[in-house]
Number of protein chains: 2
Amino acid sequence: MPKLTEARRELRRDQIVQAARRCFVRTGMERTSVADITAESGLSAGSIYAHFTGKADIVRAVVQDSLDRRAELVAAFAASPHPPNPAQVILQLAAAADPDDARIALQALGEATTDPAIRDIVGTTIDRMHALFRASCEAWLVKSEGHAADAAAARATRLAGHLVAVFQSLLIQNAFPDGPGAVDATAVADLVAAQT
Amino acid sequence: MPKLTEARRELRRDQIVQAARRCFVRTGMERTSVADITAESGLSAGSIYAHFTGKADIVRAVVQDSLDRRAELVAAFAASPHPPNPAQVILQLAAAADPDDARIALQALGEATTDPAIRDIVGTTIDRMHALFRASCEAWLVKSEGHAADAAAARATRLAGHLVAVFQSLLIQNAFPDGPGAVDATAVADLVAAQT
DNA sequence: GTCTATACTACGATAGAC
DNA sequence: GTCTATCGTAGTATAGAC
């Protein structure tokens with residue numbers, strides 16, 4: 001029965017990841033030392049290196065975790081029995097804003113610029129989000145708007161592109177709450193709704 | 001006549017900034033050492049510290065330079081005797097894509113998350129871009145569409161918000177040429193044009 | 001598995017000659 | 001102003017006891 005020990009192992013990893021996440025939000029990925037992470041997690045260097053191969057490994061885990069969290073939010077839209085229309089999706093995304101997640105995501109985008117491993121995670125996550133938006137829009141077009149399946153698929157793909165773009169802009173805006181709020185979610189929602 | 005020497009001084013600074021820029025694009029802001037910058041610039045450590053107070057100072061200068069370059073591009077639109085309509089602005093922005101500038105900008109956004117000095121530069125630049133977009137749209141509404149001045153001002157502000165958002169999405173897309181192209185500039189242009 | 005202590009490296013910044 | 005050489009420090013990762 002290695003299940004129990006493996007579950008505990010995963011729990012420890014998560015403990016480290018969450019501590020690292022807090023450090024990254026406060027100090028930035030590159031400028032937090034593993035000493036910072038040990039202090040924040042309450043563990044020691046030896047313990048951490050027993051669960052991760054090195055700092056880069058921790059960074060990857062934190063980025064993956066944060067982006068997964070965001071994607072699951074979108075996945076919930078698509079799985080809903082009453083799929084929201086694109087305008088509602090935008091408003092819900094804006095409402096579900098978590099500044100910490102947004103900051104991690106922005107740092108990840110910056111890192112993706114030079115680090116292939118991070119770029120990979122970011123790239124596949126964007127792909128996944130696009131697919132999820134597509135699924136959500138398609139379900140809405142078919143179920144609520146009565147579109148034919150093939151016509152809905154084509155429209156959904158285009159709509160998903162817009163939603164990814166809006167999502168990215170909201171990301172920047174959410175990361176800086178006191179900053180210039182260029183994106184008016186309601187206005188964008190109206191814009192997208194008008195195209196329906 | 002300190003003019004000449006001051007010009008030469010500015011030239012040296014620019015030489016260092018451009019070398020640093022190349023390093024940042026290749027290796028990332030945090031991971032390039034000042035040794036890398038000296039090697040790339042052909043200068044020495046001593047010389048560099050005669051022109052900048054430290055690495056953070058160089059980073060600030062590079063970010064400021066890159067963002068200024070982008071803003072000037074937008075300023076040209078507003079100053080044009082025949083101001084482009086919003087859809088054209090989007091298409092021109094997409095056409096003028098420089099991957100290196102986009103990567104620097106993304107790294108800057110990531111840094112802005114934790115570094116107040118960079119956040120300041122990024123914030124004021126976004127404000128400036130918003131104002132420039134506003135001016136460009138207002139000029140277009142008045143000159144080409146015959147709107148009244150006060151009505152144009154209100155509409156221009158909203159349009160500028162959309163343009164900033166699209167600009168930010170294009171930034172992410174431009175930084176990863178082989179990545180998932182979520183934003184279809186033509187489609188977005190159509191969308192904005194439809195709202196006219 | 002977890003701790004403390006430490007080895008080794010790389011970096012930012014300065015000193016001093018020219 | 002620019003160079004070379006170097007100082008001090010901070011950081012990653014490991015060793016070895018428990």
Side-chain angles (χ1 to χ4, degrees), chain A residues 1-63 107 111 114-115 117-118, chain B residues 1-63 107 110-111 114-118:
Chain A
M1 256 191 187
K3 253 312 178 29
L4 201 74
T5 54
E6 203 167 302
R8 288 196 76 82
R9 180 185 158 81
E10 198 55 40
L11 219 66
R12 260 277 186 276
R13 274 183 67 97
D14 195 60
Q15 174 184 0
I16 296 168
V17 165
Q18 295 310 325
R21 208 182 97 96
R22 288 190 294 274
C23 290
F24 293 172
V25 169
R26 194 192 314 135
T27 322
M29 291 181 179
E30 297 284 342
R31 286 170 27 182
T32 62
S33 63
V34 312
D36 293 335
I37 298 174
T38 62
E40 178 74 26
S41 68
L43 296 175
S44 65
S47 180
I48 281 181
Y49 279 93
H51 293 277
F52 293 91
T53 71
K55 188 188 164 184
D57 195 21
I58 300 178
V59 170
R60 280 195 296 271
V62 170
V63 170
Q107 289 180 27
E111 277 296 297
T114 52
D115 181 338
I118 302 292
Chain B
M1 256 194 187
K3 255 305 176 35
L4 202 73
T5 54
E6 202 165 307
R8 289 196 74 82
R9 181 186 157 81
E10 198 56 40
L11 220 65
R12 261 277 185 274
R13 274 182 67 97
D14 196 60
Q15 173 184 0
I16 296 168
V17 165
Q18 296 310 326
R21 207 181 98 98
R22 287 191 293 275
C23 290
F24 292 173
V25 169
R26 194 190 315 132
T27 321
M29 292 181 177
E30 297 284 343
R31 285 167 32 178
T32 61
S33 62
V34 312
D36 293 335
I37 299 175
T38 60
E40 177 75 26
S41 68
L43 296 174
S44 65
S47 179
I48 281 180
Y49 279 93
H51 292 277
F52 294 90
T53 71
K55 189 189 164 184
D57 195 22
I58 301 179
V59 170
R60 280 193 296 272
V62 170
V63 169
Q107 289 180 27
E111 277 296 298
T114 53
D115 182 338
I118 302 291

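Hydrogens, waters and symmetry mates play no part in the numbers below; they use all other heavy atoms, side chains included. All values reported here derive from a predicted model rather than from experimental measurement. Each chain gets a letter, A, B and so on, in the order its sequence line appears, and its residues count up from 1.
- Using a 4.0 Å heavy-atom cutoff across all strands shown, B:Thr38 reaches no nucleic acid atom at all.
- Inter-residue side-chain proximity for B:Gln107 and B:Glu30 is flagged as unmet; no heavy-atom pair is nearer than 4.5 Å.
- Within the 4.5 Å cutoff, the side chain of A:Glu111 has heavy atoms near those of the B:Arg31 side chain.
- By the 4.5 Å heavy-atom criterion applied to side chains, A:Thr27 and B:Thr114 are not counted as neighbours.
- Interatomic distance, A:Phe24 CZ to A:Ile58 CD1, rounded to the nearest 0.5 Å: 7.0 Å.
- Contact check for A:Asp14 versus A:Gln18: side-chain heavy atoms found under the 4.5 Å cut-off.
- The stretch residues 18-31 of chain B has no heavy atom under 4.0 angstrom from DNA chain C at all.
- Listed by first and then second residue, the salt bridge (Lys or Arg N to Asp or Glu O under 4.0 Å) pairs that reach into residues 43-58 of chain B are B:Asp57-B:Arg60, sequence neighbours excluded.
- For the pair A:Lys55 NZ and D:dA13 P, the interatomic distance rounds to 9 Å; values are reported in whole Å.
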Pair up each side-chain donor or acceptor in residues 44-53 of chain A with any protein partner under 3.5 Å, not counting sequence neighbours, and list the distances.
none

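- At a threshold of 4.0 angstrom between heavy atoms, the contacts of B:Thr53 with the nucleic acid are absent.
- Among residues two or more places apart in sequence or in another chain, the salt bridge (Lys or Arg N to Asp or Glu O under 4.0 Å) test is passed with B:Arg12 by none.
- Across residues 40-51 of chain B, B:Ala45, B:Tyr49 each have a non-hydrogen atom less than 4.0 Å from an atom of DNA chain C (numbered order).
- In summary, contact between chain A and DNA chain C, defined as any nucleotide atom under 4.0 Å from a heavy atom of the protein, begins and ends at C:dT2 to C:dT4 in the 5' to 3' direction.
- Rounding to the nearest 0.5 Å gives a distance of 12.5 Å between CG of A:Leu11 and OG1 of A:Thr5.
- Here the side chains of A:Gln15 and A:Leu43 are in contact, with some heavy-atom distance below 4.5 Å.
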